[in-house]
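Reading through the structure tokens given below for one structure.
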Amino acid sequence: MTGNKKLSAAAMAAVLSLTAVPATSTAIAADDGVLISADFEDGETVFTRRGENEVLTVTDELAHGGSYSLLVSERAKSWNGPQLALDGIINAGEEYMVTAYAKTPWYATVTLSQQYTDTDGTVHYANILQQTCEGSDWVGYENIKFSFPAGSTDMYIYFEASDASVDIYIDDVTVSEAPFIQPEDIPALKDVYAEYFDIGTALMCSNLGSKSFMALAEKHMNEGITVGNELKPDYMLDKEASLAMYEADGDDTNPQVTLASVRPMLEYARDNNVPLRGHTLVWHSQTPDWFFKEGYADDGDWVSPEKMTTRMENYIKNTMAILAEEFPTVEFYAWDVVNEAWKDDGTPRDAGSNNTTSGQSAWVSVYGDNSFIELAFQFARQYAPEGCKLYYNDYNEYMSGKMNAIYDMAMSLKEKGLIDGIGMQSHLDTSFPTPATYEKALEKYASTGLDIQVTELDVTTNDTSETGLETQAQYYSDIFDALVKYSDSISKVILWGVTDDQSWRASRLPLLFDENYKAKPAYYSIIDGIDYTTTEPVETITTTTTTITTTTTTMEGILKGDVDVNGSVNVSDAVLLNRYIAEDSAVTVSEQGLLNADMGGAVGVTAEDAAILLRMLAHLEAEG
Ligand code: XIL
């Protein structure tokens with residue numbers, strides 16, 4: 001790693017000079033990659049307090065390891081706690097891991113969080129991991145990955161507790177460089193589906209700092225990147241600048257925008273030549289109430305539809321202008337112009353603030369109906385860059401009432417030349433909808449003649465056991481079968497993330513890769529799905545497999561790679577072999593299968609054989 005320093009005494013002194021409470025030293029980094037190691041055994045601490053009340057004491061009352069820990073007492077606010085200043089020790093834009101242990105005298109939630117200042121000087125706070133301390137045992141935060149967006153300064157990690165009166169003990173804290181995990185040597189999704197549609201993913205700026213995550217995303221899904229959060233109105237609208245303009249000239253119709261949050265993603269897109277999908281201009285959610293209120297006051301009256309139309313026009317115009325001005329080479333291939341405007345029954349959302357009552361729409365409060373949709377498309381057409389395609393995007397897009405409303409709206413916008421496509425979010429679950437219901441929606445939207453993009457695909461499962469993941473794999477496979485069937489109408493399939501742990505629905509494991517960057521059964525199932533279709537690539541693979549049969553047979557009866565002994569070599573064999581090597585008790589491989597599985601690596605059947613088999617299959621895919 002370049003530019004990083006181990007925590008030398010000099011660096012530590014520099015760090016400490018920035019902090020409020022003088023502290024002396026900590027154990028200096030010893031192991032490779034370990035940047036900070038604080039066990040408090042020397043009676044000293046590099047942590048400082050976040051507030052003005054709390055007292056930090058190294059104590060031998062309690063310890064996770066050794067005899068000492070750090071006690072934080074006399075907290076007065078939930079955010080009071082110990083913080084670790086990281087400037088000069090870590091690099092913004094790279095990934096690290098923290099391990100620490102916390103304990104409280106009684107039941108409390110203790111959250112490991114991070115703070116940084118962005119390039120515009122705005123301070124951000126984000127939770128990394130919340131844990132429940134039961135008041136008895138130490139609770140571990142082990143190998144927790146974190147990073148700060150490129151360009152960040154004043155970087156801290158810290159602990160806080162929602163109970164402002166609880167004492168917090170912490171111990172055995174280490175911060176180290178996260179190891180780089182090379183993507184597995186398996187076929188790239190985007191190559192496998194090259195004939196049908198592009199494969200993309202949503203990225204959040206927080207993903208950019210992880211080289212392992214980005215290597216995986218780039219290998220499989222970089223043919224359409226959606227900005228997952230930071231182009232939403234909550235991030236783009238600049239309240240201070242909007243108010244300043246209002247105070248200066250009495251004009252409250254020209255909302256000002258800022259790129260402070262999204263800048264790291266724009267820099268990534270510019271430096272890597274990646275086209276972006278803008279998400280999203282007009283939405284009831286992740287949009288502040290003041291945007292819809294007289295004088296931009298949170299508690300003001302809703303503005304008139306006329307005033308809101310001017311605000312909407314200026315918001316869209318200012319957004320397109322600032323992007324073109326600051327990042328002229330970044331291509332926006334698409335924008336989600338309006339997001340989630342219809343209820344499942346096909347009527348407009350209820351009037352109100354989504355920030356007060358989830359699901360309500362301030363747009364409907366102002367307009368009384370969904371007439372703002374067409375206006376939004378008019379302004380997007382007028383101000384979006386040349387060639388940028390405009391989409392309406394929604395979830396539960398297979399519910400019949402909503403589906404019909406979207407269809408009618410899309411046809412009317414199409415007649416006026418205002419829309420290019422429909423975004424099917426596709427936040428699915430293994431229990432609903434059925435793949436057949438989903439396919440009906442594909443059929444309906446395809447009949448508009450507009451482009452379809454699957455914009456936010458993920459599939460949750462309540463059963464996170466191995467069996468649950470197999471069911472999820474089957475479901476993914478059925479959905480991809482439907483997508484292939486309608487592929488003439490679908491230009492891109494975009495996953496809403498890459499690894500389960502970074503997903504917005506992390507606990508129900510909705511994606512194709514796990515937190516260790518390993519492909520899940522769902523990945524193998526959709527690769528496998530391609531093998532069994534009757535389209536061109538299958539025939540190619542089958543033919544080539546026949547060639548392999550003749551060229552690699554070394555003993556009578558052995559078909560190299562045919563682990564399930566069914567006479568052909570495909571991804572099912574690779575899945576079986578991987579599971580066999582992982583000692584998965586649910587699978588058995590016959591004696592003949594084991595002979596076939598010995599691909600010529602080390603003696604016996606090993607991970608090396610699995611890798612050789614995957615390379616062979618990937619090679620066949622590429623040739624196909
Ligand atoms: C989600 C993001 O993934 C979360 O990080 C955020 O907290 C909430 O929004 N439909 C959409 C997306 O159109 O913008 C939402 O993204 C998921 C549902």
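Only this structure's heavy atoms are used, side chains among them; waters, hydrogens and symmetry mates stay out. Only a predicted model underlies this, so the values are computations on that prediction, with no experimental measurement involved. Ligands are counted one by one from 1 in listed order, and the atoms in each one are counted from 1 as well.
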message: I need the single residue from F432, Y438, W504 that forms a ring-ring contact (aromatic ring centres under 6.0 Å, His included) with H427. Which is it?
response: W504
- request: Kindly confirm or rule out a cation-pi arrangement of K485 over Y196, judged by NZ or CZ under 6.0 Å from the six-membered ring centre and within 45° of its axis?
  value: no
Pairs under 3.5 angstrom, nitrogen or oxygen on both sides, ligand 1 versus protein: list them out, please.
unit_1: ligand 1; atom_1: 3 (O); unit_2: W496; atom_2: NE1; d: 2.9
unit_1: ligand 1; atom_1: 5 (O); unit_2: N229; atom_2: ND2; d: 2.9
unit_1: ligand 1; atom_1: 9 (O); unit_2: K232; atom_2: NZ; d: 3.1
unit_1: ligand 1; atom_1: 9 (O); unit_2: Q286; atom_2: OE1; d: 3.1
unit_1: ligand 1; atom_1: 10 (N); unit_2: E340; atom_2: OE2; d: 3.2
unit_1: ligand 1; atom_1: 10 (N); unit_2: Q425; atom_2: OE1; d: 3.2
unit_1: ligand 1; atom_1: 10 (N); unit_2: E456; atom_2: OE1; d: 3.0
unit_1: ligand 1; atom_1: 13 (O); unit_2: H279; atom_2: NE2; d: 3.2
unit_1: ligand 1; atom_1: 13 (O); unit_2: N339; atom_2: ND2; d: 3.0
unit_1: ligand 1; atom_1: 13 (O); unit_2: Q425; atom_2: NE2; d: 3.3
unit_1: ligand 1; atom_1: 13 (O); unit_2: E456; atom_2: OE1; d: 3.3
unit_1: ligand 1; atom_1: 13 (O); unit_2: E456; atom_2: OE2; d: 2.8
unit_1: ligand 1; atom_1: 14 (O); unit_2: K232; atom_2: NZ; d: 2.7
unit_1: ligand 1; atom_1: 14 (O); unit_2: H279; atom_2: NE2; d: 2.7
unit_1: ligand 1; atom_1: 16 (O); unit_2: K232; atom_2: NZ; d: 3.2

message: Would R270 pass as a cation-pi partner of F327, given that its NZ or CZ must be under 6.0 Å from the six-membered ring centre and within 45 degrees of the axis?
response: no
message: Set out, in order, the CA-CA distance, both residues' side-chain angles and the distance that settles ring pair (Phe, Tyr, Trp, His ring centres under 6.0 Å) for Y116 and H124, then state yes or no.
response: CA-CA 5 Å; Y116 63 93; H124 297 264; 4.9 Å; yes
message: When you measure from the centre of the six-membered ring of Y395, is the NZ or CZ of K402 closer than 6.0 Å and no more than 45° off the axis?
response: yes
query: Y407 and Y445: aromatic ring centres closer than 6.0 Å?
result: no
